[in-house]
Amino acid sequence: MFIVLVFVIIIYPTVSKTDEIAALILARGGSKGVYLKNLQTVGGVSLLARTVHTARAAGLVDVTVSTDHPLIALEALKCGAHIFHRSKVTSSNVAPSIWGSLEFLDKNPGVRTLILLQATSPFTRASQIRLAVDAIKTNRFDCVFSVTRTFHLRWKENKKFVSPINFDLQFRPRRQSWRGELVETGAFYVARRSLLEAGYFQNHNCTVVEMSRLESLEIDSYWDLKLANVLSNSNLV
Ligand SMILES: *[C@@H]1O[C@H](CO)[C@@H](O)[C@H](O)[C@H]1NC(C)=O
């Protein structure tokens, strides 16, 4: 069985795409924190399959899973995604996502815009991905990414004291008169090829798509996984 799987991942041809926009999911086997994280399930569906389905529902036809692991490759095949054989170098736990993205772009010269989808954000909505694609298609931006809005009053540690970062002690903002702050959720990043080739997902010409706080839940630990399953059984997300 295992040998067959290894065969699948090594022999399965790299699909060369010429589309303008390609969706990529980087899913390495050696995840930290949660074992084979991308294959863990939320609501009975693996994180990987959820992400592929959401991408499809958003109208993205070409969805590629870049992986170094045979079981992840098999799961990707099962949901009809393309498989990209991720190298040892880009699947190490110190490799930044930009390496995995550049490796994919290098083999797919026709791709002009990349959407990096993170399988660790199980509640991303298809409509949010679609908004991001629509924004990049207006040709007004180089990049789009997902954020959530917070109203946290933040403090920085300064030796023995703490001082406010994003507000004035004399004028504590009231929620209704403050737009809050945007925090990256990590759910998706859309960027033009030229920006990625310069080594970045973002520049000063980005726009954002907002997600709710619950939709932004990221799976980093077994606790997150439990919470995600509770949420998926509720009607909150
Ligand atoms: C932002 O990106 C778009 C698309 O690449 C480009 O046409 C526009 O000139 C850029 N604007 C700025 C201020 O760089």
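Every value quoted in this text rests on a predicted model; they were computed, and no experiment measured them. Here, residue 1 is the first one in the sequence, and each next residue gets the next number. Just follow the structure's listing: the first ligand is 1, and inside any ligand the first atom is 1.
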Protein contact for atom 9 (O) of ligand 1 (heavy atom, distance under 4.0 Å):
no
Counting only heavy atoms, which portion of N205 has something under 4.0 Å from ligand 1: side chain, backbone, both, or neither?
side chain
Check: P122 main-chain N/O paired with R50 side-chain donor or acceptor under 3.5 Å
yes
Check H204 against ligand 1 and report side chain, backbone, both or neither, counting heavy atoms closer than 4.0 Å.
neither
Of V52, T64, L116, L47, the one forming a side-chain contact (heavy atoms from CB on, under 4.5 Å) with I25 is V52
In terms of residue, atom name and distance, what is the protein heavy atom nearest to atom 5 (O) of ligand 1?
D142 OD1, 2.6 Å
Does the side chain of Q40 pick up a donor-acceptor pair with the side chain of S46 at under 3.5 Å?
no
Would you say the ring centers of W155 and F161 fall short of 6.0 Å from each other?
no
Between the side chains of S221 and D224, is a donor N or O closer than 3.5 angstrom to an acceptor N or O?
yes
Which of the atoms of ligand 1 are close to R192, meaning less than 4.0 Å from one of its heavy atoms?
4 (C), 5 (O)
Nearest protein heavy atom to atom 4 (C) of ligand 1, by residue and atom, and its distance?
N139 O, 3.2 Å
